[in-house]
K.L.:
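Below is a structure I'd like to ask you about.
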Number of protein chains: 2
Amino acid sequence: MTDTAPLDPRQLTAYLALKDVAALLEHAVEQQLKEDGGLTTPQFQILATLADAPDGRRRMTDLADGLVYSRSGLTYQAAQLEKAGLVTRASAEDDERSVIVTLTEAGRAVLFKVMPGHIEVVRRLFLTPLGDADITAITDILGRVRAQMRSAPPRSAKPRRTRS
Amino acid sequence: MTDTAPLDPRQLTAYLALKDVAALLEHAVEQQLKEDGGLTTPQFQILATLADAPDGRRRMTDLADGLVYSRSGLTYQAAQLEKAGLVTRASAEDDERSVIVTLTEAGRAVLFKVMPGHIEVVRRLFLTPLGDADITAITDILGRVRAQMRSAPPRSAKPRRTRS
DNA sequence: TATTGTTATACTCTATAACTATA
DNA sequence: TATAGTTATAGAGTATAACAATA
């Protein structure tokens with residue numbers, strides 16, 4: 001049986017606080033990325049993910065899994081980034097079906113240009129009122145929540161539907 | 001002087017955990033609202049805000065302030081909701097410039113229909129791994145962050161970055 | 001047959017600026 | 001002049017389904 005009784009007020013408050021903070025933070029970050037580097041949030045996420053990967057290279061599918069996008073959405077974003085010269089796309093050598101996305105020097109440069117402002121926004125809006133213990137608590141609690149979510153993935157994160 | 005030194009790893013982890021959890025939760029909620037009631041997230045937010053107001057009535061401006069939207073965005077959403085019969089719009093009696101948005105019975109019904117699933121998703125993905133102490137901690141910490149955000153000076157006040 | 005990725009299409013959402021009208 | 005809201009426009013993002021190519 002699924003529990004659909006109303007949330008008690010304390011739970012509701014916690015949920016609303018999370019949503020509120022996330023929304024305001026996302027909004028501020030979006031502004032900053034656009035102003036400092038002409039990047040949208042999804043574009044920044046892709047570039048940042050690539051920058052974290054060995055040689056700045058990733059398969060499309062691996063990128064799509066790490067982020068929340070659909071494959072077609074990622075194709076669109078990758079095309080935008082390629083047009084802007086921030087990434088390149090090429091077939092994988094070992095599997096001709098796969099496409100390897102690679103961060104270019106220009107891509108790295110944009111990321112480099114954008115990071116200070118990004119950090120500044122996160123610090124100013126999110127980290128300022130948090131002490132060490134708060135950081136620990138947030139990480140611990142949200143880490144547990146994230147694990148829970150990953151073990152019960154939302155519909156969009158499900159593997160692609162197999163044809164019948 | 002703005003601090004743009006890199007975030008220490010623990011701070012970064014906390015930030016990423018927040019973003020991750022918020023993104024996954026938003027995505028799951030979006031799916032559920034669409035499936036159970038044909039509502040988008042912004043539409044649900046507006047209906048829920050109205051349901052919380054006395055008589056289910058609010059001025060457009062007050063709605064826009066509570067949510068994060070621009071006025072034109074809210075006008076668009078209100079028009080969609082009105083077309084669907086879930087709200088009505090009428091000029092305020094005391095100020096002819098203002099528009100009062102009112103939740104209809106149909107609007108209340110949709111909200112009623114959607115809430116159990118909404119609660120179930122929030123509970124399953126977010127609340128399940130949280131104890132009482134976690135709820136308290138989250139609420140306290142994020143409450144402080146939210147207060148900080150609302151009082152933080154806008155970034156536009158800062159001097160513009162030098163051209164490259 | 002399954003997997004990887006793209007394309008075609010259609011729609012939602014959002015922001016900016018110009019506009020109307022009321023205060 | 002300032003405020004409340006709408007409209008026109010234009011663009012970005014997304015998902016779904018159909019498609020091609022490779023494994």
K.L.:
Mapping A:Glu93 and B:Ala78 onto DNA chain D by nearest heavy atom, which one lands closer to the 5' end?
P.N.:
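In this pair, the answer is B:Ala78.
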K.L.:
Between C1' on C:dA2 and CG on A:Asp95, what's the gap in Å once rounded to a whole number?
P.N.:
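So the two atoms are 12 Å apart, to the nearest Å.
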K.L.:
Under 4.0 Å between any heavy atoms, over every strand shown, what does A:Thr75 touch: base, sugar-phosphate, or nothing? Just pick one.
P.N.:
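The residue A:Thr75 makes base contact.
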K.L.:
Take atom NZ of B:Lys83 and atom P of D:dT7, then tell me their distance rounded to the nearest Å.
P.N.:
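Roughly 11 Å, once rounded to whole Å.
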K.L.:
If hydrophobic clusters are built from ILVMFWY residues whose side chains come within less than 4.5 Å, do B:Leu16 and B:Leu24 share one?
P.N.:
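Yes, one cluster joins them.
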K.L.:
Going by atom types only, do B:Thr102 and B:Arg58 share a side-chain donor-acceptor pair under 3.5 Å?
P.N.:
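The criterion, which ignores hydrogens and geometry beyond distance, is not satisfied for B:Arg58 and B:Thr102.
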K.L.:
Whole angstroms only, please: what is the CG-P distance between A:Asp94 and D:dT22?
P.N.:
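Value for this atom pair: 14 Å.
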K.L.:
Between C:dT12 atom P and B:Glu26 atom CD, what is the distance in whole Å?
P.N.:
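Between P of C:dT12 and CD of B:Glu26: 19 Å.
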K.L.:
Within the structure, does a side-chain N or O atom of A:Arg71 lie under 4.0 Å from either OP1 or OP2 of C:dT7?
P.N.:
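For C:dT7, neither OP1 nor OP2 has a side-chain N or O of A:Arg71 closer than 4.0 Å.
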K.L.:
Counting C-beta onward and ignoring hydrogens, is there a side-chain heavy-atom pair between B:Val99 and B:Thr75 closer than 4.5 Å?
P.N.:
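No, every pair of side-chain atoms sits at 4.5 Å or beyond.
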K.L.:
Mind listing the closest non-hydrogen atom pair of B:Asp36 and B:Lys113 along with its distance?
P.N.:
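Nearest pair, atom of B:Asp36 first, then B:Lys113: O-CE, 3.3 Å.
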K.L.:
What integer distance in Å separates B:Leu74:CG from C:dT16:C1'?
P.N.:
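After rounding, the reported distance stands at 16 Å.
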K.L.:
Once you round it to whole Å, what is the distance between C1' of D:dT22 and CD1 of A:Ile100?
P.N.:
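After rounding, the reported distance stands at 15 Å.
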K.L.:
How many whole angstroms separate atom CE of A:Met60 from atom P of D:dT22?
P.N.:
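Result: 17 Å.
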K.L.:
Round to the nearest Å and state the distance from A:Arg89 atom CZ to D:dA21 atom P.
P.N.:
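Going from A:Arg89 (CZ) to D:dA21 (P), I get 17 Å.
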K.L.:
Are any of the side-chain nitrogens in A:Asp8 or A:Arg10 under 4.0 Å away from the carboxylate oxygens of its partner?
P.N.:
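Judged by the 4.0 Å cut-off on N to carboxylate O distance, A:Asp8 and A:Arg10 do not form a salt bridge.
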K.L.:
Is a salt bridge present between B:Glu120 and B:Arg124, judged by a nitrogen-to-oxygen distance below 4.0 Å?
P.N.:
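Salt bridge between B:Glu120 and B:Arg124, a charged N being under 4.0 Å from a carboxylate O: yes.
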K.L.:
Please answer whether the main-chain N or O of A:Arg57 pairs with a side-chain N or O of A:Asp55 as donor and acceptor at a distance below 3.5 Å.
P.N.:
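Pair absent, no side-chain N/O of A:Asp55 close to backbone of A:Arg57.
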K.L.:
If you measure from the Lys or Arg side-chain nitrogens to the Asp or Glu carboxylate oxygens, is any gap between B:Arg144 and A:Asp134 under 4.0 Å?
P.N.:
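Here B:Arg144 pairs with A:Asp134 in a salt bridge, since their nearest N and O are under 4.0 Å apart.
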K.L.:
A:Ile46 and side chain to side chain contact (heavy atoms under 4.5 Å, CB included): which partner among A:Leu39, A:Leu86, A:Leu74, A:Thr40?
P.N.:
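Looking at A:Leu39, A:Leu86, A:Leu74, A:Thr40, the match for A:Ile46 under the side chain to side chain contact (heavy atoms under 4.5 Å, CB included) is A:Leu74.
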K.L.:
For nucleotides 11-14 of chain D, give me every protein contact, N/O to N/O, under 3.5 Å, one pair per line with atom names.
P.N.:
residue	atom	partner	partner atom	Å
D:dG13	OP1	A:Thr40	OG1	2.7
D:dT14	OP2	A:Gln77	NE2	3.3

K.L.:
With 3.5 Å as the limit, what N/O pairs link the protein to nucleotides 1-3 of chain D?
P.N.:
residue	atom	partner	partner atom	Å
D:dT3	O2	B:Arg97	NH1	3.2

